[in-house]
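Naming convention: chains lettered A, B, ... in sequence-line order (proteins, then strands); numbering from 1 in each chain.
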Amino acid sequence: MPELPEVETTRRGIAPHLQDRTIREVIVRQRQLRWLVPRNLNRLLQGQTIRQIQRRGKYLLLGMDAGSLILHLGMSGSLRILPAETPAEKHDHLDVILDSGQCLRLRDPRRFGAVLWTRDDPLQHKLLKTLGPEPLSDEFTGEYLWQRSRGRKLAIKSFIMDSKIVTGVGNIYANEALYLAGIHPLRAAGRLSRARYNQLVEAIRQVLIAAIRQGGTTLRDFTASDGKPGYFRQQLHVYERDQQPCDQCGRPLHHRVIGQRSSYYCTHCQR
DNA sequence: ATGCGGACCTGTTAGC
DNA sequence: TGCTAACAGGTCCGCA
């Protein structure tokens with residue numbers, strides 16, 4: 001489900017409710033997520049005060065004095081703020097109950113998400129330390145992508161979806177950014193010029209910023225922490241638009257699987 | 001090192 | 001109407 005804009009929308013939604021709150025209790029109903037949720041999570045978190053609510057790529061980090069809770073929403077995860085007494089429904093795997101009487105509730109039907117704990121700097125955690133730069137940071141430039149792509153033969157779409165190259169760009173926004181940049185998703189990463197990488201970086205930035213502004217994209221079930229959907233879907237040019245006319249040239253859009261992910265593009269406007 | 005395919009899991013929808 | 005297959009926003013891991 002969530003790519004960077006949806007995770008950022010979630011972060012912004014939950015942060016005001018979590019900031020400086022103390023954890024009363026943690027209830028784990030399902031430990032079998034992407035990785036086994038620590039058994040002693042309640043013991044670790046009880047009494048801890050949440051100092052920071054940060055995002056790194058698609059990970060959310062809740063910083064406390066004793067360590068950090070690392071959350072990932074996988075394909076189908078969502079976080080909401082609810083009154084603690086709200087009955088849990090199917091797939092509600094985790095509650096973090098706060099001294100405010102509210103609770104942070106994780107729902108994740110497919111269970112590809114993750115709940116991890118670390119005492120150390122979460123950015124040095126095994127799963128986070130190899131992540132590439134944030135796409136909205138100054139480190140992420142056309143020159144950087146061009147350098148990293150030399151000699152690489154994989155499709156540009158797969159390249160920009162590699163979290164070690166750049167983190168947070170998922171399937172929707174990879175499709176959209178390549179469309180905006182006029183780059184064919186199958187083009188070999190190593191065979192794009194600096195100039196075209198500059199365009200691609202701008203396109204990625206632009207699409208992510210616009211999506212965050214709209215509260216993310218709701219295709220099926222994404223909702224922000226307050227239950228509201230994202231409105232960026234209306235601005236998607238290619239995603240899930242197979243056979244529909246290209247907004248630029250009117251020719252029908254194409255669909256095919258690239259790197260096991262559904263890909264949409266215009267063969268006329270993207271080269 | 002690189003690139004590919006499989007694996008994890010449930011829900012929804014398209015097709016017969 | 002009902003069963004089955006395909007597909008869905010992620011990403012780690014093992015193998016060639």
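- Residues Tyr59(A) and Thr167(A) bring no donor and acceptor atom of their side chains to less than 3.5 Å of each other.
- If you check dA16(C) for Watson-Crick or wobble pairing at under 3.5 angstrom, you find it paired to dT2(B).
- Taking atom CD of Glu89(A) as the reference point, atom C1' of dG11(B) lies 15 Å away to the nearest angstrom.
- Atom-to-atom, CD1 of Ile258(A) to C1' of dG3(B) comes out at 15 Å; the value is rounded to the nearest Å.
- If you chain together hydrophobic residues whose side chains sit under 4.5 Å apart, Val26(A) and Ile97(A) never meet in one group.
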Next on the checklist: What does the B/S/- profile of nucleotides 11-16 of chain C look like, 5' to 3', with a 4.0 Å heavy-atom cutoff to protein?
Outcome noted: BBS---
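- Between the CG atom of Leu73(A) and the P atom of dG10(C) there is a distance of 11 Å, rounded to whole Å.
- Rounded to whole Å, atom C1' of dG3(B) lies 13 Å from atom CZ of Phe159(A).
- For dG10(C), the OP1/OP2 oxygens have no side-chain nitrogen or oxygen of Arg110(A) closer than 4.0 Å.
- Taking hydrophobic clusters as Ile, Leu, Val, Met, Phe, Trp and Tyr residues chained together by side-chain heavy-atom distances below 4.5 Å, Met161(A) does not share a cluster with Leu192(A).
- Judged purely by distance below 3.5 Å, without hydrogens or angles, the side chains of Thr22(A) and Thr49(A) pair a donor atom with an acceptor atom.
- Contact annotation for Ser262(A): backbone-only contact, meaning every heavy-atom pair under 4.0 Å involves sugar-phosphate atoms and none involves a base.
- Base engagement by Leu219(A) is indicated by at least one non-hydrogen atom pair under 4.0 Å involving a base atom.
- The structure places CD of Glu6(A) at 3.5 Å from OH of Tyr173(A), a figure rounded to the nearest 0.5 Å.
- For dG11(B), the OP1/OP2 oxygens have a side-chain nitrogen or oxygen of His91(A) closer than 4.0 Å.
- Here the P atom of nucleotide dA8(C) and the CG atom of Asn175(A) are 11 Å apart, to the nearest Å.
- In this structure, the CG atom of Asp162(A) is 16 Å from the P atom of dG5(B), given to the nearest Å.
- Leu62(A) and Trp35(A) end up in different hydrophobic clusters when Ile, Leu, Val, Met, Phe, Trp and Tyr side chains are linked at under 4.5 Å.
- Using cut-offs of 30° and 60° on the angle between ring planes, the pair Tyr197(A) and Phe159(A) is perpendicular.
- With its ring centre under 5.5 Å from that of the base six-membered ring and a plane angle below 30°, Phe112(A) counts as stacked on dC8(B).
- As rounded to whole Å, 15 Å separates atom C1' of dC9(B) from atom CG of Leu36(A).
- Put simply, Arg111(A) has a side-chain N or O that comes within less than 4.0 Å of OP1 or OP2 on dT10(B).
- As a whole-Å value, the separation of Leu128(A) CG from dG10(C) C1' is 14 Å.
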